[in-house]
Amino acid sequence: MLRGITPHCLDKRIHHVELRNRRLRWPITRSLPRYLKDQKFIRISRRAKYLLFETVNGGFLLHLGMSGSLRVTGVGQEFLKHDHVEIQFTDGKVLRFNDPRRFGCLLWSSKDLSDHPRLRGLGVEPLTGDFSASYLKSCFKDRKMSIKQALMDQKIVVGVGNIYVSEVLFKCGIHPVRRCGRISVQRLNRLVESVKIILADAITSGGTTIRDFLDAKSKPGYFSQQLAVYGRENLPCIRCKSLVRRVVISGRSTFYCPKCQK
DNA sequence: ATCGCCTCCTGCGCGC
DNA sequence: TGCGCGCAGGAGGCGA
């Protein structure tokens, strides 16, 4: 994602910004076109599920929600349904933000973006050394919530969504309703390993490649045929053939094998 | 402090 | 064939 966008947008003069629909999760500031005109993005980075676009005078956080996507195309190309923002560069390229469900957001701030309230208090990045069994042990100490909820808590670790949490817990053999504070360090080690493998896998197989950004609509980054348990209620577990169960935890479907996961 | 539940929105798949 | 309903997801925010 980041690598696909950056070469087309970094250090390019912004010629014009078109706001076609401001009503996302939070309204996009009306002033965005004025703020960005004649500026350049001097840094484009990522934190958790946010992309950070910075100019010398401020910048914005962009969250894709679950249905959002970014495209790089040429000026004058036909708009797609749900293209909400277009940023035109002086070289004739444009960046478009499309989000059918409008769960995403674009938040302008004139202050240091890394200090933004939306980023404050976020947990560690899962694919770094900060995410470890000892880290989880300290987070989970005296906590009663289920391991499923704990893994999806962005204040603990970022990037684990509802689909992948089922996959992770299946892979390491932990029951989704198990209390997080009552898991041995040995099992936490397996859990950490599973998170890293599942997420790295997801990025490789479903993550958007650089090529996808040029005039192609990118699809959500997961493919149901590669999911081991998610969505497989009453189908045989791929490991032991027991029937996969579905439970609702904090309002979200959760899938697990009653025999493989304890 | 911590946790459970509701909410936003659109597209899709299902059943009638 | 067509319509309408219910569900799916990330994460803030509120009430208990």
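Naming convention: chains lettered A, B, ... in sequence-line order (proteins, then strands); numbering from 1 in each chain. Only heavy atoms go into these numbers, but all of them, side chains included; no hydrogens, no water, no symmetry mates.
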Do the side-chain N or O atoms of [X] get closer than 4.0 angstrom to the phosphate oxygens (OP1, OP2) of [N]?
X: A:R25; N: C:dG13; answer: no
X: A:K155; N: C:dA11; answer: no
X: A:R246; N: C:dA8; answer: yes
X: A:R102; N: B:dT10; answer: yes

Specify the residue among A:H82 and A:D153 whose closest nucleotide of DNA chain B lies further upstream toward the 5′ end. A:D153
Quickly work out the [X] [atom1] to [N] [atom2] distance and round it to whole Å.
X: A:Q149; N: B:dA1; atom1: CD; atom2: C1'; result: 16 Å
X: A:L24; N: C:dG10; atom1: CG; atom2: P; result: 17 Å
X: A:R101; N: C:dG10; atom1: CZ; atom2: P; result: 11 Å
X: A:K144; N: B:dA1; atom1: NZ; atom2: C1'; result: 12 Å
X: A:K81; N: B:dC9; atom1: NZ; atom2: P; result: 15 Å
X: A:D99; N: B:dC8; atom1: CG; atom2: P; result: 17 Å
X: A:K148; N: B:dC5; atom1: NZ; atom2: P; result: 12 Å
X: A:K141; N: B:dA1; atom1: NZ; atom2: C1'; result: 16 Å

Is there a donor-acceptor contact under 3.5 Å linking the side chains of A:K81 and A:N98?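 Short answer, no.
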Return yes if a side-chain donor-acceptor contact under 3.5 Å exists between A:S184 and A:R187, otherwise no. no
If stacking means aromatic ring centre less than 5.5 angstrom from the base's six-membered ring centre, planes under 30°, is A:F103 stacked on C:dA11?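 A stacking contact does not exist, since A:F103 is not both close and nearly parallel to the base ring of C:dA11.
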Identify which nucleotide among B:dT2, C:dA11, B:dG11 has an atom closest to any side-chain atom of A:K49, counting heavy atoms from C-beta outward. C:dA11
Return the nearest nucleotide to the side chain of A:S253; candidates are C:dA8, B:dC3, B:dT10. C:dA8
Under-3.5 Å donor-acceptor pair between A:R252 side chain and C:dG10 base: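 Check passes, donor-acceptor contact within cut-off.
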On the six-membered ring of A:F79, is A:R20 placed so that its NZ or CZ lies under 6.0 angstrom from the centre and within 45° of the ring axis?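 Yes, a cation-pi geometry.
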I'd like to know whether the aromatic ring centres of A:F89 and A:H15 sit less than 6.0 Å apart in this structure.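 No, they do not, as the ring centres are separated by 6.0 Å or more.
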A:G251 or A:L122: which one's nearest nucleotide on DNA chain C is closer to the 5' end?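 Nearest nucleotide further toward 5': that of A:G251.
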Kindly work out whether a path of hydrophobic side-chain contacts (I/L/V/M/F/W/Y, heavy atoms less than 4.5 Å apart) joins A:M145 to A:L136.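 Different hydrophobic clusters.
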Quick one: look up who B:dC8 pairs with, Watson-Crick or G-U, both distances under 3.5 Å, and put none if it's unpaired. C:dG10
